[in-house]
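Presented below is the structure to which this report refers.
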Amino acid sequence: MVAQTKLQIVPVASKAELNRFIQVPMRLGSGDPNYVAPLMFERQESLTAKSNPFFEHADVQFWLAVRDGRDVGRISAQIDHLNPQTPEGIGNFGMISAENDPEVFEALFRTAEDWLRSRGCRVALGPVNLSTNEEVGLLVEGHDDPPMFMMSHDTRYAPARIEEQGYGRAKDIYAYTCSVHDDLPAPILRRIRKGPPDGVTLRMLDMSRFGAEVDTLTGILNDAWSGNWGFTPTTEAETRALAATLRLLIDKRLTWFAELDGETVGFMILLPNINEAIADLKGKLFPFGWAKLIWRLKVRGVKTGRVPLMGVKRSVAGTLKGRLLPFLLIDAVAQAARRLGYARYELSWVLEDNLPMRRICDAGGAKVYKTYRLYEKALT
């Protein structure tokens, strides 16, 4: 009988190792009919300091778990110096994906925790992949539906393996699904059909001023979300990098701004669910993936979308007009989505204790269909 080779935890230090790191969940998810492999080039850009401005204000390390020359798991650890939780001694783990083996999970978490502890962290919180403004949480409910674009799809055994390492629930976050044909409550709909209140104007994204529009969106986002648990302000560089990546996907007809007395105070953006178009590409765009992707997005079209960003400035959110703005934006986006052939869209993600946003989702007919969980552990 051949002895089992010792498990090794290898720091990612080269492009080849980063590619292996990216491919771990692709291999583990290959037997799951609802798993959608992300595009390799997008993952490479997101996880590389040269192309992701997140690395400018964060310390990040990736590791691979290797046994018998085979990659059996991965994990990251990061400390975001813009996160208000960092001075409290909270660091993050993320990118967790491994075979269903307690030894692999234990080795990966021990390595990430040692790294965080050596840098002064007293608590590990995650998964955060990599920023709280990107993919957050581990999927614990909703495995029977494929993930939307930029949302994770984890193995069913991962929650138990993480909890075995001493982690407990810190916070749940939700993904809501909504039909584009769901009407808003009748009283709100009657008010909307009268037209916007005095001083309120709705407008589509102006692509000729794309850079300035992105900066405006960043300002509203940082203001609107500033009171949320775990919120980390996104820099203009990060938003611009994301916008540049997504520019070909952004449809001005699905991106709306709300103005009050000439000031832009709210926005909502719906992106086509690219996962619907890349589900069979296995993360590759060559040699024919590009043609398939473009045809599916621009000619055939997709039927689903995701609202990753929405917000109203806090200075107006509590006013009568401010409380109507989210519904005006939802109505404008839903009408456009119907005309473009969409069937449903996802609103994600929403913190369990973000009651104002949850009430808006409930009022709009949206239902929770996926739950993601953030775990925490004291590093003592």
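The first residue of the sequence shown is numbered 1, and numbering continues consecutively from there.
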Handout entry: Note, Tyr174 side chain near Tyr372 side chain (heavy atom, < 4.5 Å)
Key = no
Problem - Salt-bridge criterion met for Arg70 and Asp68 (N-O under 4.0 Å) - result: no
Problem - Side-chain donor or acceptor of Glu17 paired with backbone N/O of Ser14 under 3.5 Å - result: yes
Handout entry: Distance in Å, Leu325 CG paired with Leu320 CG, rounded so as to fall on 0.5 Å steps
Key = 11.0 Å
Exercise for the section: Compute whether any side-chain donor of one residue and acceptor of the other, for Asn19 and Gln44, lie under 3.5 angstrom apart. Expected result: yes
Exercise for the section: Give a yes or no answer on whether the side chain of Asn83 reaches the backbone of Thr232 with a donor-acceptor pair at less than 3.5 Å. Expected result: no
Practice task
Please test Tyr35 against Met26 for side-chain contact (heavy atoms from CB on, under 4.5 Å), starting from the C-alpha separation and ending with a verdict.
Solution key: CA-CA 8 Å; Tyr35 176 79; Met26 294 182 177; 3.7 Å; yes
Exercise for the section: Could you tell me how the ring of Phe231 sits relative to the ring of Trp225: parallel (under 30°), tilted (30 to 60°) or perpendicular (over 60°)? Expected result: perpendicular
Problem - Minimum heavy-atom distance Ala37-Lys282, with the two atoms named - result: CB-C, 3.9 Å
Practice task
May I ask you to decide whether Arg67 forms a salt bridge with Glu103, counting only side-chain N to carboxylate O separations under 4.0 Å?
Solution key: yes
Exercise for the section: Report the C-alpha distance between Glu346 and Thr304 in whole Å, list the side-chain angles of each, state the deciding distance to 0.1 Å, and finish with yes or no for side-chain contact (heavy atoms from CB on, under 4.5 Å). Expected result: CA-CA 8 Å; Glu346 177 180 290; Thr304 55; over 6 Å; no
Practice task
Check for a donor-acceptor pair, side chain of Glu238 on one end and backbone N or O of Thr235 on the other, with a separation under 3.5 Å.
Solution key: yes
Practice task
May I ask whether Leu47 and Ile79 are part of the same hydrophobic cluster, defined by side-chain heavy atoms of I, L, V, M, F, W, Y residues being less than 4.5 angstrom apart, directly or through others?
Solution key: yes
Problem - Interatomic distance, Cys361 atom SG to Leu347 atom CG [nearest 0.5 angstrom] - result: 4.5 Å
Practice task
Please indicate whether Arg117 has more than 12 foreign heavy atoms, meaning atoms of other residues, nucleotides or ligands, lying under 6.0 Å from its CZ.
Solution key: yes
Problem - Non-hydrogen side-chain atoms of Gln23 and Met40 separated by less than 4.5 Å - result: yes
Practice task
Check for a donor-acceptor pair, side chain of Thr48 on one end and backbone N or O of Ser51 on the other, with a separation under 3.5 Å.
Solution key: no
Exercise for the section: Look at the side-chain heavy atoms of Ile, Leu, Val, Met, Phe, Trp and Tyr, link any pair under 4.5 Å apart, and say whether Val36 and Val136 land in one connected group. Expected result: no
Exercise for the section: Determine, stepwise, if the pair Glu135 / Met95 fulfils side-chain contact (heavy atoms from CB on, under 4.5 Å). Expected result: CA-CA 9 Å; Glu135 293 180 8; Met95 300 288 174; 6.0 Å; no
Fill in the blank from the handout: Here the gap from Leu249 atom CG to Leu270 atom CG, rounded to the nearest 0.5 Å, amounts to 11.5 Å
Practice task
Flag the pair Arg169 and Glu352 as a salt bridge only when some basic side-chain nitrogen lies within less than 4.0 angstrom of an acidic carboxylate oxygen.
Solution key: yes
Fill in the blank from the handout: Here the pair of heavy atoms bringing Val180 nearest to Tyr342 is CG2-O, 3.2 Å
Problem - Spatial distance of atom CG (Leu309) from atom OG (Ser348) [nearest 0.5 Å] - result: 9.5 Å
Problem - CD1 on Ile75 to CG on Leu64, rounded to 0.5 Å - result: 11.5 Å
Handout entry: Ring centres under 6.0 angstrom apart (Tyr375, Phe109)
Key = no
Practice task
Taking the side chain as every heavy atom from C-beta outward, state whether Ile90 and Arg122 have any atom pair closer than 4.5 Å.
Solution key: no
Handout entry: Sidechain N-carboxylate O distance under 4.0 Å for Glu113, Arg110
Key = no
Problem - Short N-O contact, Glu99 and Arg27, less than 4.0 angstrom - result: yes
Exercise for the section: Evaluate whether atom CG of Asp280 has more than 12 neighbouring non-hydrogen atoms of other residues, nucleotides or ligands under 6.0 angstrom away. Expected result: yes
Exercise for the section: Provide the closest heavy-atom pair for Gln78 versus Leu116 in the form atom of the first, atom of the second, distance. Expected result: O-CD2, 3.9 Å
Handout entry: Pairwise side-chain contact, Met310 with Pro326, heavy-atom cut-off 4.5 Å (strictly under)
Key = yes
Problem - Arg306 NZ/CZ over Phe149 ring centroid, <6.0 Å and within 45° of normal - result: no
Handout entry: salt_bridge(Asp353, Lys171) N-O dist < 4.0 Å
Key = yes
Exercise for the section: Could you pull out the closest heavy-atom pair between Asn133 and Thr234, with the gap in Å? Expected result: ND2-CB, 3.6 Å
Problem - Leu242/Met150 under side-chain contact (heavy atoms from CB on, under 4.5 Å): CA gap, chis, key distance, verdict - result: CA-CA 11 Å; Leu242 179 62; Met150 297 181 70; 4.0 Å; yes
Practice task
Determine whether the side chains of Thr239 and Glu236 contain a donor N or O and an acceptor N or O closer than 3.5 Å.
Solution key: no
Exercise for the section: Give, for atom CG of Leu329 and atom CE of Met268, the distance between the pair rounded to the nearest 0.5 Å. Expected result: 7.5 Å
Handout entry: Lys313/Asp223 ion pair, N-O < 4.0 Å
Key = no
Practice task
Identify whether Val60 and Val128 are in the same connected component of the hydrophobic contact network (ILVMFWY, side-chain heavy atoms under 4.5 Å).
Solution key: no
Problem - SB check Arg156 Asp144 (cutoff 4.0 Å) - result: yes
Practice task
Spell out, as yes or no, whether a donor-acceptor pair under 3.5 Å connects the side chain of Asn273 to the backbone of Gly305.
Solution key: no
Practice task
For the residue pair Leu108 and Phe93, establish whether any side-chain heavy-atom pair is separated by less than 4.5 Å.
Solution key: no
Exercise for the section: Examine the side chains of Tyr369 and Glu141 and answer whether a donor and an acceptor come within less than 3.5 Å of each other. Expected result: no
Exercise for the section: Ignoring hydrogens and angles, state whether a donor on the side chain of His81 or Glu56 is under 3.5 Å from an acceptor on the partner side chain. Expected result: no
Exercise for the section: Could you check Val24, Val10, Leu28 and say which one makes a side chain to side chain contact (heavy atoms under 4.5 Å, CB included) with Arg74? Expected result: Val24
Exercise for the section: Answer yes if Phe62 and Val66 sit in the same cluster of Ile, Leu, Val, Met, Phe, Trp and Tyr residues linked by side chain heavy atoms under 4.5 Å apart, and no otherwise. Expected result: yes
Handout entry: Exercise: do His153 and Asn34 side chains pair donor with acceptor under 3.5 Å
Key = no
Exercise for the section: For residues Pro102 and Gln165, report the shortest heavy-atom separation together with the two atoms involved. Expected result: O-NE2, 4.0 Å
Problem - Validation row: Phe105, Ile96 side chains within 4.5 angstrom (heavy atoms) - result: yes
Handout entry: Lys252 NZ: over 12 foreign heavy atoms closer than 6.0 Å
Key = no
Fill in the blank from the handout: In short, Cys178 meets Gly365 closest at the heavy-atom pair SG-C, 4.4 Å
Handout entry: No-hydrogen, no-angle side-chain donor-acceptor test under 3.5 Å, Thr177 and Arg344
Key = yes
Exercise for the section: Kindly work out whether a path of hydrophobic side-chain contacts (I/L/V/M/F/W/Y, heavy atoms less than 4.5 Å apart) joins Met148 to Val350. Expected result: no
Handout entry: Student check: side-chain heavy atoms of Leu184 and Asp331 closer than 4.5 Å
Key = yes
Practice task
Decide yes or no for Ile330 and Tyr345: does some side-chain heavy atom of the first lie under 4.5 Å from some side-chain heavy atom of the second?
Solution key: yes
Show which side-chain atoms of residues 209-217 pair as donor or acceptor with protein atoms under 3.5 Å away, not counting sequence neighbours.
{"unit_1": "Arg209", "atom_1": "NH1", "unit_2": "Glu213", "atom_2": "OE1", "d": "3.3"}
{"unit_1": "Glu213", "atom_1": "OE1", "unit_2": "Arg203", "atom_2": "NH2", "d": "3.0"}
{"unit_1": "Glu213", "atom_1": "OE2", "unit_2": "Arg203", "atom_2": "NH1", "d": "2.7"}
{"unit_1": "Glu213", "atom_1": "OE2", "unit_2": "Asp206", "atom_2": "N", "d": "2.9"}
{"unit_1": "Asp215", "atom_1": "OD1", "unit_2": "Arg240", "atom_2": "NE", "d": "3.0"}
{"unit_1": "Asp215", "atom_1": "OD1", "unit_2": "Arg240", "atom_2": "NH2", "d": "3.2"}
{"unit_1": "Asp215", "atom_1": "OD2", "unit_2": "Arg240", "atom_2": "NH2", "d": "2.4"}
{"unit_1": "Thr216", "atom_1": "OG1", "unit_2": "Ala212", "atom_2": "O", "d": "3.1"}

